[in-house]
Amino acid sequence: MRQQLIVCAVTGVTLLTLGSRSHAATDIPWIDNNTNLTFYGDLRLRYESDWDSQTNGTPRVNRERGRIRARAGLNYQLADEWSMGVRVRTGNTHSQQSPHLTFATDSGTRDTTEFVADRYFVQFKDGGFTGWAGRNTTPFWQQNEMFWDEDVTPTGLAGTYETKVGDGKLALIGGAFYLPDGGYDVNGQMISGQIKYSLPVKASQFTVAAGLHFMNGEEGARNLRNRNGERD
């Protein structure tokens, strides 16, 4: 386990977001006039000052560095019920979870510019049911990213059925996935289910959820111990 004390200056504002057709300035009529096509993206710059840090109990040399994260994607509405999506992000192709690249350090070393296609999926939505196949973020509700980093995108099938119960909404969520091993490889499987109830409370919302996640690791992982931890 890595223990470190880190001070960050993080941009709290999305520097670039293309969330509607009115933001996309192009000279291609098919794109200009296509209301079914949506672009989105964001850019983050971060400064880190890291001292008295340890890796596997071994002290690390104090360091300062600048980090960047860029993400860009598009969604396309194929029909009333069918849509598809694609996203590309920066990040080391050996890492399943980190979209950040180091562009400046006090030692002069920098990461090479690499990209990972971490979302590509087809989605079906009809009434209270939503299902997708491909690679995407997990469909399960969570209050933070302590359990699951949202940049870790599994490959498989997922479905959600939501219905109104009282003043709130009850959702049944399930999925079966191959788990990532680095940016592109897979290793092991996960079968998951969750039941969630959400109740509006004036300007806020109360949510309670319970679920099970069964992970089955496999031999032969190439990247899990390189910036990814282990899966046992």
Side-chain angles (χ1 to χ4, degrees), residues 11-45 68-91 93 96-101 113-142 145 148-164 168-180 183-184 186 190 192-194 196 198 200 205 207 209:
T11 56
V13 179
T14 299
L15 302 181
L16 171 64
T17 300
L18 303 177
S20 67
R21 293 300 311 127
S22 60
H23 289 84
T26 71
D27 295 322
I28 304 175
W30 180 81
I31 293 181
D32 283 339
N33 300 324
N34 195 333
T35 57
N36 293 329
L37 184 63
T38 303
F39 295 96
Y40 64 93
D42 63 86
L43 177 67
R44 171 191 288 177
L45 298 174
I68 186 172
R69 182 192 72 185
R71 303 184 295 193
L74 64 86
N75 293 321
Y76 185 74
Q77 194 72 32
L78 299 166
D80 290 341
E81 296 87 8
W82 292 92
S83 62
M84 61 173 290
V86 178
R87 190 181 79 169
V88 176
R89 63 165 172 82
T90 53
T93 56
Q96 67 178 9
Q97 60 206 34
S98 176
H100 294 94
L101 294 175
T113 302
E114 296 183 74
F115 296 89
V116 174
D118 67 337
R119 294 186 193 176
Y120 36 88
F121 62 91
V122 176
Q123 179 172 283
F124 175 82
K125 185 174 184 179
D126 184 25
F129 176 78
T130 301
W132 60 259
R135 182 175 180 177
N136 199 1
T137 55
T138 68
F140 308 106
W141 178 84
Q142 57 183 24
E145 292 186 74
W148 193 274
D149 189 322
E150 291 185 354
D151 285 308
V152 179
T153 51
T155 303
L157 302 169
T160 301
Y161 180 74
E162 189 175 74
T163 185
K164 188 173 178 61
K169 289 184 177 181
L170 179 69
L172 303 176
I173 311 165
F177 313 97
Y178 289 104
L179 295 173
Y184 288 108
V186 294
M190 179 173 73
S192 302
Q194 185 183 64
K196 178 188 73 168
S198 301
Q205 178 173 278
T207 299

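Distance check: His100 NE2 to Arg89 CZ gives 10.0 Å after rounding to the nearest 0.5 Å. Rounding to the nearest 0.5 angstrom, the gap separating the CZ atom in Phe177 from the CE atom in Met190 is 5.5 Å. Residue Thr130 holds its OG1 atom at 11.0 Å from OH of Tyr161, rounded to the nearest 0.5 Å. Between Thr155 atom OG1 and Leu179 atom CG the span is 9.0 Å, to the nearest 0.5 Å.
With sequence neighbours excluded, no residue forms a side chain to side chain donor-acceptor pair (under 3.5 Å) with Thr137. Taking Thr93 as the reference, Glu114 meet the side chain to side chain donor-acceptor pair (under 3.5 Å) condition, with sequence neighbours excluded. Applying the ring-ring contact (aromatic ring centres under 6.0 Å, His included) test to Phe121 and every residue at least two apart in sequence or in another chain returns nothing. Partners of Leu170 according to the side-chain contact (heavy atoms from CB on, under 4.5 Å) rule, which considers only residues two or more places apart in sequence or in another chain, are Thr163, Val165, Ile195, Tyr197. In terms of the ring-ring contact (aromatic ring centres under 6.0 Å, His included) criterion, residue partners of Phe124 (sequence neighbours excluded) are, by chain and number, Trp82. For Thr207, the side-chain contact (heavy atoms from CB on, under 4.5 Å) partners at least two apart in sequence or on another chain are Trp141, Lys196, Ser198, Gln205. When the side-chain contact (heavy atoms from CB on, under 4.5 Å) test is applied to Ile68, the partners found at least two apart in sequence or on another chain are Leu43, Leu45, Leu101, Phe103. With sequence neighbours left out, Arg69 forms a side chain to side chain donor-acceptor pair (under 3.5 Å) with Asp42. In terms of the side-chain contact (heavy atoms from CB on, under 4.5 Å) criterion, residue partners of Val88 (sequence neighbours excluded) are, by chain and number, Phe115, Ala117.
When the shell of 6.0 Å around OH of Tyr184 is examined, it contains more than 12 heavy atoms from other residues, nucleotides or ligands.
At a threshold of 4.5 Å between non-hydrogen side-chain atoms, the residues Val152 and Pro180 count as touching. When side chains are defined from C-beta on, Leu74 counts as touching Leu37, because their heavy atoms get closer than 4.5 Å. Contact of the Thr138 side chain with the Pro154 side chain is registered, since non-hydrogen atoms from C-beta on lie closer than 4.5 Å.
In this structure, Ser192 and Phe140 approach most closely via the heavy-atom pair CB-CZ, 3.3 Å. Residue Pro139 comes nearest to Ala158 through the heavy atom pair CG-CB, 3.7 Å, listed as atom of the first residue, atom of the second, then distance. Taking all atoms of both residues into account, the shortest heavy-atom contact from Val116 to Gly91 is CG2-O, 3.9 Å.
The closest donor-acceptor contact from the side chain of Thr90 to the backbone of Pro99 lies under 3.5 Å. No donor-acceptor pair under 3.5 Å is formed between the side chain of Gln97 and the backbone N or O of Asp149. A donor-acceptor pair is defined here as one N or O able to donate and one able to accept, closer than 3.5 Å; such a pair exists between the side chain of Glu145 and the backbone of Glu150.
For residues 75-88, the pairs satisfying salt bridge (charged side-chain N to carboxylate O under 4.0 Å, His left out) are Arg87-Asp118, Arg87-Asp151, with sequence neighbours left out. Sorted by first and then second residue, the salt bridge (charged side-chain N to carboxylate O under 4.0 Å, His left out) pairs involving residues 122-140 (not counting sequence neighbours) form an empty list.
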